[in-house]
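To start, I am sharing the structure in question, which I have written as structure tokens.
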Number of protein chains: 2
Amino acid sequence: MSLISFTADRCTLTSPTALPLAAGFLWNPHMMIHMTARGYATAQFMQPEPSKYARAQIMEAKHFMLPEQGTYAHHPGRFFYVKDRETGGLFSAPYEPVRAPVEAFAFEVTPTDIRWIIDRPGLRIELTLTLPVEDACELWEVTLTNSGKRDRKVSLYPAFPLGLMSWMNQSATYDPKHAGIIANCVTAYQKIEDYFKNKNLKDKVAFLSEQAPLAFETRQARFEGEGGLHKPDAIMAAQMDNGEALYENPIAAMQFDHDLEKGESVSHRFLFAPAFDDTEISRLKSLYLSADGFANARAAYAGYISAGAKSIHIETPDPHLDAFVNSWLPRQVYYHGDTNRLSTDPQTRNFLQDAIGSVYVKPETARKTLLKALSQQHANGSMPDGIRMYDGAELKYINQVPHTDHSVWLALLMEAYLDETDDYAVLDTLVTDVETGLARTVRDRISAANQWLIQAIDRRGLNFIDQGDWNDPMNMVGWKGKGVSGWLSLATAHSLRLWSQILESDGRDGSTFAGAAKTFNDAMNTHLWDGDWYGRGITDDDVKFGIKADTEGRIYLNPQSFALMSGAANSDRQARMVAAITEQMETPYGVEMIAPAYTHMREDVGRLTQKFPGVAENGSVYNHAAIFYIYSLYQVNETEKAFELLRKMLTGPNDEDYLRRGQLPVFVPNYYRGAHRQHPQASGRSSHLFNTGTAAWLYRSLIEGLFGLKGCREGLRIRPQLPPDWPSARVIRHFRGATFEIDISRGTPGLTVDGQAIAGDTIKDIVAGKTYYLRVNI
Amino acid sequence: MSLISFTADRCTLTSPTALPLAAGFLWNPHMMIHMTARGYATAQFMQPEPSKYARAQIMEAKHFMLPEQGTYAHHPGRFFYVKDRETGGLFSAPYEPVRAPVEAFAFEVTPTDIRWIIDRPGLRIELTLTLPVEDACELWEVTLTNSGKRDRKVSLYPAFPLGLMSWMNQSATYDPKHAGIIANCVTAYQKIEDYFKNKNLKDKVAFLSEQAPLAFETRQARFEGEGGLHKPDAIMAAQMDNGEALYENPIAAMQFDHDLEKGESVSHRFLFAPAFDDTEISRLKSLYLSADGFANARAAYAGYISAGAKSIHIETPDPHLDAFVNSWLPRQVYYHGDTNRLSTDPQTRNFLQDAIGSVYVKPETARKTLLKALSQQHANGSMPDGIRMYDGAELKYINQVPHTDHSVWLALLMEAYLDETDDYAVLDTLVTDVETGLARTVRDRISAANQWLIQAIDRRGLNFIDQGDWNDPMNMVGWKGKGVSGWLSLATAHSLRLWSQILESDGRDGSTFAGAAKTFNDAMNTHLWDGDWYGRGITDDDVKFGIKADTEGRIYLNPQSFALMSGAANSDRQARMVAAITEQMETPYGVEMIAPAYTHMREDVGRLTQKFPGVAENGSVYNHAAIFYIYSLYQVNETEKAFELLRKMLTGPNDEDYLRRGQLPVFVPNYYRGAHRQHPQASGRSSHLFNTGTAAWLYRSLIEGLFGLKGCREGLRIRPQLPPDWPSARVIRHFRGATFEIDISRGTPGLTVDGQAIAGDTIKDIVAGKTYYLRVNI
């Protein structure tokens with residue numbers, strides 16, 4: 001059996017050990033859970049700030065999700081121990097913490113649930129995790145089957161560590177009324193105003209069983225005893241002690257004894273959830289904890305996921321690509337748009353780019369995002385560092401550091417949104433902003449944002465960088481107020497150009513913005529063209545960087561991608577840039593963002609250069625940057641290289657590739673390790689982070705680039721750009737309410753619609769509800 | 001062998017499992033390390049804020065030390081694995097993480113080092129941890145002896161996990177130049193101003209060996225493999241992989257192979273320390289990592305510890321008490337005064353009370369503390385919530401919440417300081433404060449603090465509580481500005497009375513303060529005497545609490561103790577209070593601080609009532625409160641009860657008591673679990689926290705209460721108050737440069753000095769350097 005099998009509705013991993021961090025994730029509007037194949041879980045729910053219900057054994061810092069975060073023995077997990085009461089033999093499903101050998105192992109991730117099927121000698125255990133839509137709540141189903149040749153006496157022990165809930169007050173007891181363990185805590189606070197916030201927190205955690213257990217244990221330390229998590233005293237004993245956790249780290253562990261005849265199965269259902277009070281626990285139990293409750297929740301959840309409509313369905317010579325594009329990628333795109341990454345203060349650039357993905361899967365979300373973001377525009381036209389998702393949300397972490405690029409993303413979103421929906425009426429929508437209380441149209445607001453960019457320049461006409469711009473947080477280039485960003489100047493040019501085109505398409509005069517775009521491009525060509533590529537910027541002390549004279553950080557990818565899009569680079573320069581990138585930045589896992597990665601702090605560049613070489617922004621294959629390069633290659637008809645890099649962005653399809661990246665192909669991560677020329681042994685490893693603007697741009701690059709199915713005012717433009725080794729492909733494209741079934745073949749270029757050849761490459765006067773059959777020869 | 005043996009210079013625990021959190025601690029002016037008998041370590045060093053050099057595997061929150069914090073498999077530790085290369089047999093010393101059975105185990109804590117002697121079949125391993133004085137640096141000596149009947153091939157593997165050093169940049173490599181593993185990281189920052197602070201941080205960790213190892217491993221995940229921390233793949237292999245940690249959690253693990261003949265021993269020395277750069281690593285290595293270096297460091301450290309002079313040496317019928325008082329208690333007192341609990345913003349009340357301990361072991365520290373605290377007095381006379389130990393130190397955690405009691409502790413410190421030193425000249429010392437820049441005498445400043453207390457009253461004449469006072473942080477009693485504190489009003493009365501007495505002793509008029517003290521006492525008797533005890537306060541909404549009408553929190557200890565000291569209670573009331581406390585608050589482990597503990601939030605009381613019943617302030621045997629009660633009982637001649645409670649405050653001397661408390665008797669903890677009537681099965685457990693004002697007041701209660709050897713203007717007053725079952729006791733008292741050797745016996749009361757009977761009970765005209773021989777009959 002191969003290590004990984006992968007289809008549009010299932011990804012299966014057949015080893016618990018080969019990819020230690022391999023995981024699937026499920027979410028609903030209230031929560032997210034990331035489950036590794038081995039049984040470790042990272043879950044959070046919103047109340048309204050992100051909160052945990054199963055915690056570490058110590059007080060963990062609040063932080064954003066960390067790249068490549070490893071696990072450890074006491075990482076929160078969902079463990080199901082099974083003991084043979086006759087032999088004392090012990091294992092735990094899915095794998096942690098006992099780590100017993102298996103006969104067969106399958107970790108199955110589907111778009112709507114996560115399952116394991118594990119065969120041990122004479123025993124099979126199946127686990128399924130589902131989420132309902134409307135609650136932060138895990139639904140677990142466990143089936144134990146005697147698959148051997150003799151009758152068995154086995155005990156099943158679900159054991160969910162709850163960790164250090166609060167140093168102020170924590171406890172757990174079994175409540176027979178619920179057949180469940182109810183843990184309680186009081187969230188600590190010091191300032192009196194926090195008390196009134198904390199009053200509404202869900203400080204309880206419920207672990208409920210459909211059947212009453214034989215016994216239970218709620219004290220983590222007593223559960224483990226000297227045997228440890230891998231051989232807990234409480235499980236090695238004949239019966240658990242029914243212990244109550246009084247001010248100590250709790251665990252929700254139960255014991256169920258079963259006598260299983262040959263071939264006999266037994267099933268359990270469990271519910272695990274944070275809760276405010278007993279009333280909520282009762283409600284959750286009666287709503288979900290039954291065969292019908294589980295079935296209803298599954299059906300509702302499938303409906304929720306399918307509300308993220310897929311914009312395309314493809315059949316190509318690359319079945320692995322088909323599976324990813326037909327199911328997993330739009331799911332990831334939908335996740336971003338629907339949850340804002342479970343943040344209450346998404347960075348403005350992320351918020352707007354995630355909406356570019358929503359354009360294809362749920363355009364009404366994109367529209368809401370646009371209006372929400374503009375309602376927090378500053379009086380001077382610039383966009384804030386983060387968007388507050390509720391009254392009282394605070395800008396946290398990096399959102400407290402001023403960045404100058406947030407205003408460039410509006411026009412990029414508008415281009416995608418209008419091309420897809422033709423909803424030009426949105427431009428006349430009035431938006432009142434929080435800061436001034438004034439109502440202005442969307443059109444005026446985006447113009448104001450672009451006007452702000454036009455004036456935020458130095459004497460050379462390049463944009464100031466301040467303490468940072470997009471994903472190169474070079475916080476010391478311009479902190480004294482003089483340094484400028486080459487990338488941002490090109491992004492501004494691109495934004496201005498797009499915005500002028502949108503105004504023209506809307507029947508207005510866009511020439512001012514078009515002229516300004518040219519001025520930015522000219523300034524870049526004057527000051528930052530370095531012979532074979534564009535430099536990244538100029539510091540407060542007038543030092544150019546990202547140039548040939550540098551030994552580290554010689555070439556940055558983002559300025560080149562945006563120069564391809566903004567029109568700054570003529571065709572000679574385009575070719576030089578692509579050649580330089582190919583030579584210096586490409587790796588087997590994609591194209592790096594900076595090369596060579598910085599190995600030492602460079603004081604006039606700053607935070608970026610303190611990062612480890614090859615991870616995050618410092619020389620990794622940063623997919624969000626790589627996808628812009630791919631997208632821009634499609635713009636300038638470098639389609640072969642574009643596809644080559646696009647394919648490298650996807651994990652798999654070979655075992656060696658999975659092993660190297662350590663990741664299942666169910667999402668595109670924010671980076672793979674780069675610094676390939678410096679640390680080849682580590683390069684390619686996945687960050688394991690699925691929150692990334694890559695998803696939106698990857699979907700867009702596939703739809704509008706590879707398959708060339710881009711909207712315009714007139715309708716749908718058909719310009720496929722298939723790789724040369726594909727003889728043909730089939731695509732179903734959903735667009736403005738109509739369906740397009742498209743066969744793409746090699747031959748004399750031409751386009752037929754419903755059997756009729758048409759001139760040009762654009763399908764006009766589209767009728768919603770209709771299905772069009774297209775044949776395209778390329 | 002008994003579980004614990006205990007003397008003045010050694011405490012030995014002979015089981016690795018009986019007391020899971022039992023630990024010793026070592027400190028120097030730069031660091032603190034808390035080592036459990038099982039091998040887990042919690043260590044911090046100052047740069048200038050508290051920092052870690054061995055971390056958790058995840059990003060841990062910054063927090064103050066937590067009570068009853070448990071350990072877990074991946075808790076930072078110092079592990080020495082030993083493998084028999086012929087049999088594959090594995091164990092780890094001291095005990096974690098393999099948890100192999102031992103033939104004999106001794107965990108030995110001395111005032112200056114921590115040692116283990118562990119016998120396994122045919123092998124003995126001895127570990128010693130020492131600190132130098134002048135560096136944050138651990139010095140480990142390991143001796144492995146073949147104690148069996150055959151020659152052995154064994155491998156030794158020191159393995160110190162370093163944890164998640166930084167999500168930004170972490171790595172570890174072996175440096176042959178140092179024969180050591182050097183881990184490196186970059187502390188993450190987001191705000192540019194933090195970069196300039198972080199530049200000076202010690203971001204490296206060095207683990208150096210005297211001999212070069214055969215092999216090493218620096219990758220935590222690869223070290224463990226699937227075997228886990230309890231059976232690491234890297235150790236089960238014939239030889240370690242010499243792996244380099246590139247952006248992953250590092251571990252410092254080395255392999256040394258030895259062939260040991262029968263009876264043969266081999267020793268290793270290791271150094272483990274944070275470091276700024278390679279130069280510092282070289283310096284540490286050359287200074288310490290040799291036989292001479294270790295010997296010099298030990299000698300210097302012994303000198304450092306002995307600089308905390310012991311005020312008394314006792315020989316009583318209670319050898320356990322003798323050992324504790326002659327060595328461990330003054331060591332704890334010295335630790336507090338010399339390190340300020342390794343905090344950079346000690347709470348003012350703690351800072352001043354720790355100085356009360358310094359009065360007896362290092363009076364010059366007490367004087368410095370007084371002047372430092374007064375230099376941060378507010379212009380209105382009140383004292384701040386915390387004292388900033390360096391320019392730029394921030395008031396953190398609870399110090400950001402306004403408390404009203406900080407001004408009462410000055411007079412209490414002054415009484416102890418002047419009685420011990422007679423240094424009345426300090427009252428004329430000029431202190432310039434930061435806020436106003438004005439110079440005022442100590443006398444004027446303390447008067448101003450007391451004047452501030454006099455005016456901070458409501459219409460009843462009771463002190464406002466604001467968001468809290470001393471260790472009952474009842475933050476909602478008076479947050480609206482109206483609620484008052486009964487305890488604080490009594491503490492003010494006590495402070496005023498002491499201050500008036502000091503002024504009188506200094507030849508000045510103290511009558512204003514004496515009168516004000518009486519006014520406070522009268523107000524308390526009018527408004528908060530509840531028939532058998534004093535109430536704790538009155539809320540913003542005029543609700544009295546800590547009274548008989550309450551079902552929870554009926555009686556608080558602190559108001560009673562301070563009423564005994566302040567003179568508020570007449571003898572009838574004194575007797576009623578003591579009776580109520582005896583009936584409602586006494587437990588086998590001491591006297592509780594509140595009874596019954598709150599089990600539910602009481603909105604008009606606040607944070608305290610959200611704590612778990614029986615821990616911290618909510619109904620525990622909070623020793624800092626208990627010791628005030630004991631101290632006050634000595635003031636009112638309730639000496640028998642005072643001693644009974646004092647004895648309960650000490651852990652031991654019986655195994656059952658150690659098991660119940662879970663603690664070695666090498667320090668007095670801040671609390672034992674209380675709520676004895678609600679949760680008898682958990683009561684008595686130690687908090688394991690050794691930062692507590694209890695130490696100072698306990699030492700004072702012993703010196704001035706039990707042994708009655710209190711200074712005064714004339715000299716040393718001799719009034720022993722021994723428990724009735726002691727026929728006699730011997731005490732050596734060091735006082736104002738002289739030595740007093742005192743024999744206390746039963747008989748016709750009287751006092752002889754150097755064989756001559758004297759009138760009265762006071763030794764006058766003390767000559768420094770002289771030894772006085774005293775016989776006291778009581």
Side-chain angles (χ1 to χ4, degrees), chain A residues 17 20 56-63 66-75 97 99 164 167-171 186 188-192 195 220-221 224 226-230 246-249 397-398 400-401 467 475-476 479 601 606-607 610-616 618 673 679 681-682, chain B residues 17 20 56-63 66-75 97 99 164 167-171 186 188-192 195 220-221 224 226-230 246-249 397-398 400-401 467 475-476 479 601 606-607 610-616 618 673 679 681-682:
Chain A
T17 57
Q57 300 293 326
I58 54 171
M59 204 188 293
E60 191 171 357
K62 289 202 176 194
H63 53 78
L66 298 185
E68 304 190 45
Q69 168 75 66
T71 57
Y72 58 105
H74 275 89
H75 192 289
R99 302 185 176 182
L164 176 62
W167 61 267
M168 186 174 259
N169 189 331
Q170 57 176 351
S171 60
V186 176
Y189 75 99
Q190 288 176 321
K191 295 183 180 163
I192 202 156
Y195 169 69
Q220 176 80 26
E224 294 183 40
E226 293 299 321
L229 210 46
H230 55 285
L246 300 172
Y247 196 68
E248 62 199 294
N249 291 9
Y397 308 122
I398 197 75
Q400 298 177 332
V401 177
Q467 287 189 37
N475 61 323
M476 290 166 82
W479 65 288
M601 175 65 182
R607 190 191 312 117
Q610 297 197 315
K611 298 197 175 184
F612 195 82
V615 306
N618 184 17
R673 286 255 199 133
H679 295 301
Q681 73 278 31
Chain B
T17 57
Q57 300 292 325
I58 53 171
M59 204 188 293
E60 190 171 359
K62 289 201 178 197
H63 54 77
L66 298 185
E68 304 190 43
Q69 168 75 65
T71 57
Y72 58 105
H74 274 89
H75 192 289
R99 302 185 175 181
L164 176 62
W167 62 267
M168 186 174 261
N169 190 330
Q170 57 176 353
S171 60
V186 177
Y189 74 98
Q190 288 175 321
K191 296 186 181 160
I192 202 155
Y195 169 69
Q220 176 83 25
E224 294 184 36
E226 292 300 320
L229 210 46
H230 55 285
L246 300 172
Y247 195 69
E248 62 199 296
N249 291 9
Y397 308 122
I398 197 75
Q400 298 176 333
V401 176
Q467 287 188 36
N475 61 322
M476 290 166 83
W479 65 288
M601 175 66 182
R607 190 190 313 114
Q610 297 196 316
K611 297 197 176 185
F612 195 84
V615 305
N618 185 17
R673 286 256 199 130
H679 295 302
Q681 73 278 32

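The sequence lines fix the lettering, A, B, ..., with proteins before strands; numbering per chain opens at 1.
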Less than 4.5 Å to any heavy atom of chain A: does that hold for the side chain of B:Q57, its backbone, both, or neither? both

Examine whether an atom of B:Q69 lies under 4.5 Å from a heavy atom of chain A, and if so say whether it belongs to the side chain, the backbone or both; otherwise answer neither. side chain

If I take atom CZ from residue A:F612 and atom CD from residue B:E248, how far apart are they, to the nearest 0.5 angstrom? 8.5 Å

Toward chain B, the part of A:N475 with a non-hydrogen atom under 4.5 Å: both

Is NZ or CZ of B:R607 both nearer than 6.0 Å to the six-membered ring centre of A:Y189 and within 45° of the ring axis? yes

How many angstroms lie between atom CD of B:E226 and atom OG1 of A:T17, to the nearest 0.5 angstrom? 5.0 Å

Which bit of B:P67 is near chain A, if near means a heavy-atom gap under 4.5 Å: side chain, backbone, both or neither? both

Can you tell which part of A:Q220 gets under 4.5 Å to a heavy atom of chain B, answering side chain, backbone, both or neither? neither

Verdict with reasoning, A:Y247 to B:H679, per side chain to side chain contact (heavy atoms under 4.5 Å, CB included): CA-CA 11 Å; A:Y247 196 68; B:H679 295 302; over 6 Å; no

Applying a strict 4.5 Å limit to non-hydrogen atoms, the region of A:Y195 in contact with chain B is side chain

So how far is it from A:Q400 CD to B:Q190 CD, rounded to the nearest 0.5 Å? 7.5 Å

For the residue pair A:H230 and B:H230, categorise the inter-ring angle as parallel (less than 30°), tilted (30 to 60°) or perpendicular (more than 60°). parallel

For the pair A:N169 (side chain) and B:Q610 (backbone), establish whether a donor and an acceptor sit closer than 3.5 Å, ignoring hydrogens and angles. yes

Can you say whether B:M601 sits under 4.5 Å from chain A via the side chain, the backbone, both, or neither, judging by heavy atoms? side chain

To the nearest 0.5 Å, what is the distance between CD1 on A:I58 and CG on B:L66? 10.0 Å

